[in-house]
Amino acid sequence: MDRFLYISMSGAKETLRAQAANSHNLANASTTGFRADLSAFQAQVVAGTGYASRAYATNATTGWDATSGALQSTGRELDVGVQGEGWIAVQGADGREAYTRAGNLRVDPNGLLMEASGRPVLGDGGVISVPPHASIMIGGDGTVSIVPIGQGPETTATVGRIKLVNPPAQALFRGEDGLFRMDGADAPADAEVRLASGVLESSNVNAADAMVSMIELARRFDLQVKAMRTAEENATSSAQLLKSG
């Protein structure tokens, strides 16, 4: 009886964990450049002495989905999307170099080029400073150019170049801030990575699939709870039989 109850309990617990990961993905279905977390169930044999006759389910995050989202046109001059593989380098809150696919950039009041959540975008020589300008353009290779205030298009000046990298997906891990990083050294700049201007990359979460997964996980959880109730009823019946004997 205890085995039945234990397996049902662990199944319900791990189903809740899978539901949390799926809910996190669904909540970010409209987040620019978001990469979905991947999780999977596994059968885990109970460790210890004795015969290995008992196993329970575990759920663990197995990484993240590296597929690209769709590039959607916005027409905004500071919106950029990475074409194909690659990442935009930014400076995390810890001062370390980190990577994002979210290309909704802006210039803050201090004239620094920032990503949407307020982290400086890194260039070949560090953060990129943008002087007062009448217009700003970002080229396919990450070059940031401006037309100074009061001057014509013929005076276009380059103020920096966004660092674009393309490390192997397996070398990256996602931090609590949603940015990706490498263990140890920073990734080198990769001239093959290209940007498209006036577009943003959508999340790679399929909202319909995530909703279906949510319903399926909810049903699994109900089954586990029902199994626990059955275990309780069996235990009660057994106790009554022993008393009557």
Side-chain angles (χ1 to χ4, degrees), residues 20-21 24-25 27-39 60-72 74 76-130 136 138-144 159-197 199-205:
H24 177 70
N25 287 340
N28 286 283
S30 60
T31 300
T32 301
F34 180 77
R35 291 288 184 268
D37 282 327
L38 300 176
S39 65
T61 300
T62 56
W64 47 277
D65 185 354
T67 58
S68 299
L71 293 180
Q72 299 173 331
T74 65
R76 182 172 172 267
E77 58 188 5
L78 283 178
D79 284 344
V80 293
V82 179
Q83 301 185 77
E85 298 180 347
W87 300 84
I88 298 170
V90 298
Q91 187 177 56
D94 57 359
R96 289 189 55 200
E97 184 171 302
Y99 309 112
T100 181
R101 297 275 296 194
N104 40 347
L105 310 182
R106 62 184 175 87
V107 178
D108 77 353
N110 297 317
L112 296 180
L113 186 64
M114 315 286 280
E115 54 99 59
S117 55
R119 299 177 180 90
V121 177
L122 294 178
D124 295 332
V127 298
I128 298 176
S129 181
V130 182
I136 184 170
I138 299 178
D141 61 351
T143 300
V144 181
V159 297
R161 181 178 176 182
I162 298 172
K163 182 180 179 181
L164 303 173
V165 302
N166 189 21
Q170 59 271 22
L172 295 173
F173 66 91
R174 193 203 312 259
E176 294 293 330
D177 54 6
L179 299 175
F180 290 81
R181 293 177 173 82
M182 292 180 66
D183 278 329
D186 298 331
D190 188 338
E192 298 297 322
V193 179
R194 306 293 294 178
L195 295 179
S197 183
V199 300
L200 285 178
E201 180 181 352
S202 67
S203 167
N204 68 352
V205 175

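Numbers for residues simply follow the sequence, beginning at 1. Note that this is a predicted model, so its numbers are computed, not measured.
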Within the 4.5 Å heavy-atom criterion, are [X] and [Y] side-chain neighbours or not?
X	Y	value
Ile128	Leu122	no
Val82	Ile88	yes
Arg119	Thr100	no
Asp37	His24	yes
Val107	Met114	no
Thr32	Ser202	no
Leu172	Arg181	no
Ile162	Leu105	yes

Inter-residue atom distance [X].[atom1] - [Y].[atom2], 0.5 Å rounding:
X	Y	atom1	atom2	result
Asn104	Thr31	CG	OG1	10.0 Å
Arg161	Asp141	CZ	CG	4.5 Å
Asp124	Thr143	CG	OG1	8.5 Å
Asn25	Asp65	CG	CG	9.0 Å
Ile138	Leu195	CD1	CG	7.5 Å
Leu112	Gln91	CG	CD	9.5 Å

### Query
Would Arg35 count as a cation-pi partner of Tyr99, with NZ or CZ less than 6.0 Å from the six-membered ring centre and within 45° of the ring normal?
no
#### Entry: Arg96 side chain to Met182 backbone, donor-acceptor under 3.5 Å
yes
### Message
Using a 6.0 Å cut-off, check whether atom CD of Glu85 has over 12 heavy atoms from anything other than its own residue.
### Response
no
### Message
Can you see whether Thr74 engages Gln72 through a side-chain donor-acceptor pair at a distance of less than 3.5 angstrom?
### Response
no
#### Entry: Exercise: identify the closest heavy-atom pair between Ala21 and Ser39
CB-OG, 4.3 Å
